[in-house]
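Comments concern the structure below.
Source: prediction; values computed, not measured.
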Number of protein chains: 2
Amino acid sequence: MPVTVKTPDGASVEVDAGATAQQALQALGRIRGQVLAAKVDGAVRDLSTPLTDGATVEAVPADTDEGRQVLRHSVAHVLAQAVTDLWPAAKFAIGPPVTDGFYYDFDVAEPFTPDDLERIEARMREIVREGQPFARRELARDEALELFADQPYKAEIISGLDESEGAGTGAVSVYDNVRPDASVWPDLCRGPHVPTTKWIPAFKLERVAGAYWRGDERRPMLQRIYGTAWESRKALAAHLERQEQARQRDHRKLGRELDLLSFPDELGAGLAVWHPNGAAVRMQMEDYARAEHLRRGYRPVYTPHLGKSTLWEISGHLDFYAEAMYPPMEMDVHHGHAGVDYYPKPMNCPFHLLVYRSRTRSYRELPLRLFELGTVYRYERSGVLHGLLRSRGFTQDDSHLFCTPEQVVGEIRDCIAFTLDLYRDFGFADGPSRVALSTRPDKAATVGTHEGWAHAEASLREALDASGLDWIVDEGEGAFYGPKIDMHVTDAIGRAWQLTTIQVDFNMPERFGLTYAGADGSEHRPIMIHRALFGSLDRFFGILLEHYAGAFPTWLAPVQVVVVPVADRHAGYGGEVVSALRVAGLRAELDDSDDSMGAKIRRHQLAKVPYQLIVGDTEARARTVAVRPRAGDQRKDVPLDEVVAGLSEEVAARRAGT
Amino acid sequence: MPVTVKTPDGASVEVDAGATAQQALQALGRIRGQVLAAKVDGAVRDLSTPLTDGATVEAVPADTDEGRQVLRHSVAHVLAQAVTDLWPAAKFAIGPPVTDGFYYDFDVAEPFTPDDLERIEARMREIVREGQPFARRELARDEALELFADQPYKAEIISGLDESEGAGTGAVSVYDNVRPDASVWPDLCRGPHVPTTKWIPAFKLERVAGAYWRGDERRPMLQRIYGTAWESRKALAAHLERQEQARQRDHRKLGRELDLLSFPDELGAGLAVWHPNGAAVRMQMEDYARAEHLRRGYRPVYTPHLGKSTLWEISGHLDFYAEAMYPPMEMDVHHGHAGVDYYPKPMNCPFHLLVYRSRTRSYRELPLRLFELGTVYRYERSGVLHGLLRSRGFTQDDSHLFCTPEQVVGEIRDCIAFTLDLYRDFGFADGPSRVALSTRPDKAATVGTHEGWAHAEASLREALDASGLDWIVDEGEGAFYGPKIDMHVTDAIGRAWQLTTIQVDFNMPERFGLTYAGADGSEHRPIMIHRALFGSLDRFFGILLEHYAGAFPTWLAPVQVVVVPVADRHAGYGGEVVSALRVAGLRAELDDSDDSMGAKIRRHQLAKVPYQLIVGDTEARARTVAVRPRAGDQRKDVPLDEVVAGLSEEVAARRAGT
């Protein structure tokens, strides 16, 4: 008996009962390019999945995020088969897809060497050539335990599976790779997978790292092999090229090479010291943030970097956020009496709430916009630390706005406008690449009233609409304490970074008992908005550094101009040029070292100094300079006044310059 | 047989053997005004001390620091006698002179009440009227123990005295107050004292506080009575007036009244949050510091607020400074393994040393002047905390200069010049009231070579001489790691505050193994200079706040101008005036509240706003304002442009203004 299946865009077709998703998609004419899997009633499934009457079906092409996940997960199986072929004693654990690739964890006697990876890759290519099918079957739990009797990690996973998994049947699914000799290599897996290993167009193993089983340092250390896989050789090549670019731009590498900052061992993991070059850039960022906040009616506050447990109890951080906090310091221990625990602050908000409630407030004072460049300290496991992008201490451009319900829309609009100005000024002129509104979670227990949430979400929507930005809704992704907007930018090599968050909070004003006297004379609870535009200043600096590959625009560059005298006798005029530049507020240096001209120019070029000004006899006589920009052509005989004015204007306009 | 005694200035006289210091001073004609004691061979003694042949003798007048100490110590005895007269069961402990006064500690069943203080003071006046002699005698230790058999604190002191005390005789000295009825009130005391209680011109009891015996919270809590005593009723009245002024100016009181900052309980003792008004002033101070450091060739760095124990072991802080550090946080505790201790930084120097040694250095880079507004955290017992003046966290304008030996003089000269500019700009135009050079300690084990110390001290002397300042030597008061200069200023009510320290350090460069490649191609150890000009920015803010009694000069004031419309219809023009002021960079607000003109003006006057600009019909028509300065007369019909230009100029010049 035929069944009817349809597509989300309204097409439908009749197919035989028992027809697979692949057959249905063919019948629907929806197989264009390489399709690796199918979305059946919204869930990604094997192409071989049989359809029931009324099912909705969609193609999952190879060149989509979902398609690549299926592909990468399938390659992970191939990797595990290759490893167990080569090391029959190896125990294999888990092998999920991750951003841009996949990994698989193995328990082996010796760590894998680079040579091992080559051998594994060669064996994987054979498996791909063999076109082994991925065949799904379901087993009862005890059958599965028997199948993986000599694979303790698989057995542990099976034993840990909830009875409700496998649609409550107690069954677990296994994918068998069927070899040419009809022998079977099974892996415990929910799927889905590509139909056969032939469908794998391009992959590469990348590196090995140690990883504790289940991330628990008490459990065995496994060997994690990372790889990547793509829908085509071309896409793989493009990915490897991006990776190489990213490696060249790595902010930790550039941080060393350009003498911007370092992470000294003596200091502890995830903590940086900023050298003068890095600090000069950061100071520009901070000056920008301070000036712009003041100009927009924010009011500065300063608060300490630590506070006692009472504060974190009131704020709820000790209940809900303790894992991300540094451990306590026990202060004022008196003999026979326990002391009081103090904690470095993971967030600035509780301190700003204390400022708000330091006296009574009236509606006339609202909106009250408190602003701080607040340095916070958060505990991250050492394994996940990554330079400035993920560290244990960073400075936020952190503001908390306290306002009446009527003021929310206006405040959010201003925040969005401020954000767009900031993106433009720091070189992301295209604005955010992703803007999302996260709404009230359905299931979680949330604080705040239904009306409160509805009003806040409506306000955020209205402000987003008014901004002219494209935005999407992350349904139910709000925090338990309020809805939020977040924004990503895409950098010069196409990577997306989350920066800005604008978050309504119904919780903190309640916890701290904030009020204001309304125009009606009675007490009201203010609405609180958390917002950080850079997010973390340190992380944003790291992103900028990679975005610009170290070649900061002139207004941000640590040294903006180096003056290079052709010979010793030109150092006097060179000094005058430096003075003229400094008087105009430019960061200028004279290079009067003994090196050759060529060596000097090369050095400053490597240091990515935006402009070198060369001065010799002609220039000294005519009070001109030869301008050698970091990129672009040299210009000769430019009058000194003109250079000073031009550079000042470039800095004031925050133009990218060279 | 006569003996010859002399004065330090070369006079001499023959007196009978056994003549007292008082008799000798009379013979020498050196009793002018009230003389309370004598300095015999450099040590302050009772006037009744018999002189030996060849002794040097000087008068100790009542109106000198030494004279007041003798006086105050004597009044402390009178206090103790009065208390034991009134509370015969009271045990008395110690009663030393302190700055501007004295105290005495008592063990009594109930804390003293204000009424008790009045009764005690009345009894003290009787004792003074009675003119009880202070008679010194020496006792063997066991006799003394018997004398104070029912005074356990005295007994404990006697038992604790080293055998070498009392010139090795094992004797202890006691002063007897002899009452009119010839009964005796003895106190264990080294002296010296005034001859009789009649010699006490003016005193007052001030307050009571709890204090642990020997500062040890495991020992009994005693009742400490504080008092003051002076050489005349007039001097006492002047002191009380200064105290009242200081109370009015107390930065904690003004901090509340002017909404500058607060010390919320939830945060912990000694930690402040800066409200927008205080933060606005602080931001000016920070901007000033940043701009001036950059202008003078300092290079910014940023460093974290905590670091792991390795750093503090290398720096020596854990060996020598642990008591002033916060307790550790144990990070990265893995099961079965101890973690690593992290500490908030009590100083910035170790971090700056890490920046220095982040790469190799050449003599060409020196002097390297690293600068940070670095917030440090130091543990102070809660009992000694005093607002911003003594807190548990503060921000230093902290620099570390690394230079060659030849550069030391020049660097110190620049530091002194920088300091004088800063004092002038912040309202201490008279410059420092005390400048002292602390030289190498004689006895302590010091680091650094003899030549190093000699060179550094000579450099500091040369720089001080070149500065044109009056300066003194605090012989042997240098730290074990190097000599230093420190400077005090005197505030508007005559109190001296130590601010600036400029300190050579031979120790840290050694501990961190700092080097630079010299012009000779070999490795040298740089000289390191620590210096903080404000010292603590927070403390300096507190001092400024008290110095100005909250009336900050215009360039520092949180709000510089408030525009007050006469009626609602003038708010439009008022807004234009505010805009014009803000465009010129001035911190201006419009007061368009419903209050009456009089109420508004009073409020802004109380808030110590430097200027109020009143605008009504006449002003709106003529585009003028009526200028009402915080102090001085109102000026009418001043053109708006003129006001904006005048205020801008006043701010730029950092003039005190009104």
Side-chain angles (χ1 to χ4, degrees), chain A residues 217-218 259 262 264-269 271-276 278-280 282-283 290 294 299-308 310-311 314 326-336 339-340 342-344 350-352 354-355 358-359 364 370 372 375 377 379 381-382 393 395 593, chain B residues 217-218 259 262 264-269 271-276 278-280 282-283 290 294 299-308 310-311 314 326-336 339-340 342-344 350-352 354-355 358-359 364 370 372 375 377 379 381-382 393 395 593:
Chain A
E217 62 268 21
R218 291 166 300 182
D259 197 14
S262 58
D265 280 345
E266 297 87 342
L267 217 56
L271 296 170
V273 293
W274 295 64
H275 304 181
R282 175 164 166 176
M283 201 174 266
R290 261 191 291 267
L294 291 180
R299 308 207 60 197
V301 296
Y302 291 90
T303 70
H305 300 95
L306 39 83
K308 72 177 178 186
T310 317
L311 182 65
I314 299 173
Y326 273 51
M329 293 164 268
E330 193 181 359
M331 294 261 282
D332 295 319
V333 179
H334 291 186
H335 300 269
V340 180
Y342 281 66
Y343 294 85
F351 297 80
H352 294 194
L354 291 180
V355 171
S358 64
R359 59 181 177 79
R364 295 175 170 286
L370 301 182
E372 179 170 27
T375 306
Y377 291 90
Y379 182 73
R381 281 182 305 108
S382 53
T395 301
S593 66
Chain B
E217 64 268 21
R218 289 166 302 182
D259 197 13
S262 58
D265 279 346
E266 298 87 341
L267 218 55
L271 296 170
V273 293
W274 295 63
H275 304 181
R282 176 165 165 176
M283 200 174 268
R290 262 190 291 266
L294 292 180
R299 308 206 60 197
V301 296
Y302 291 91
T303 70
H305 301 94
L306 40 82
K308 72 177 179 186
T310 317
L311 182 66
I314 298 173
Y326 274 51
M329 293 164 269
E330 192 181 1
M331 292 262 281
D332 295 319
V333 179
H334 291 185
H335 300 269
V340 180
Y342 281 67
Y343 294 84
F351 297 80
H352 294 194
L354 291 181
V355 171
S358 64
R359 60 179 176 81
R364 294 174 171 286
L370 301 182
E372 179 170 25
T375 307
Y377 291 91
Y379 181 73
R381 281 182 304 107
S382 54
T395 300
S593 67

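Using a 4.5 Å heavy-atom cutoff, the side chains of B:Ser358 and A:Val273 are not in contact. Side-chain atoms of B:Glu266 and A:Pro350, non-hydrogen and from C-beta on, never get closer than 4.5 Å to each other. Residues A:Tyr302 and B:Thr395 are not in side-chain contact: their nearest non-hydrogen atoms beyond the backbone lie 4.5 Å or more apart. Counting only heavy atoms from C-beta outward, the side chains of B:Val355 and A:Trp274 never approach each other to under 4.5 Å.
Using a 4.5 Å cut-off between heavy atoms, A:Ile314 touches chain B through its side chain atoms alone. With a threshold of 4.5 angstrom between heavy atoms, A:Asp259 approaches chain B through side-chain atoms but not through N, CA, C or O. Only the side chain of B:Arg218 comes within contact range of chain A, with heavy atoms under 4.5 Å apart. With a 4.5 angstrom heavy-atom cutoff, A:Glu330 touches chain B only via backbone atoms. There is no contact between A:Tyr343 and chain B, counting heavy-atom distances below 4.5 Å. The part of A:Arg364 that comes within reach of chain B is its side chain, from C-beta onward, which places non-hydrogen atoms under 4.5 angstrom from that chain. Of the two parts of B:Val340, neither the backbone nor the side chain holds a non-hydrogen atom closer than 4.5 Å to a non-hydrogen atom of chain A. For B:Pro264, the part lying under 4.5 angstrom from a heavy atom of chain A is the side chain only.
The residue among B:Gly307, B:Ala280, B:Gly268, B:Pro300 with the most heavy atom pairs within less than 4.5 Å of chain A is B:Pro300. Heavy-atom pairs under 4.5 Å with chain A were tallied for B:Ser382, B:Pro327, B:Ser262; the largest tally goes to B:Pro327. Contact count versus chain A (heavy atoms, under 4.5 Å) is highest, among B:Leu294, B:Leu311, B:Leu306, for B:Leu306. Comparing A:His275, A:His352, A:Glu372 by heavy-atom pairs within less than 4.5 Å of chain B, the highest count is held by A:His275.
A:Tyr377 places a side-chain N or O within donor-acceptor distance of the main-chain N or O of B:His305, the cut-off being under 3.5 Å. The backbone N or O of A:Asp265 lies less than 3.5 Å from a partner atom in the side chain of B:Lys308, making a donor-acceptor pair.
Taken from CG in B:Leu354 to CG in A:Leu271, the straight-line distance is 11.0 Å, to the nearest 0.5 Å.
Smallest separation of non-hydrogen atoms from A:Ala279 and B:Val301: CB-CA, 3.7 Å.
Residues meeting the side chain to side chain donor-acceptor pair (under 3.5 Å) test with A:Arg381, sequence neighbours left out: none.
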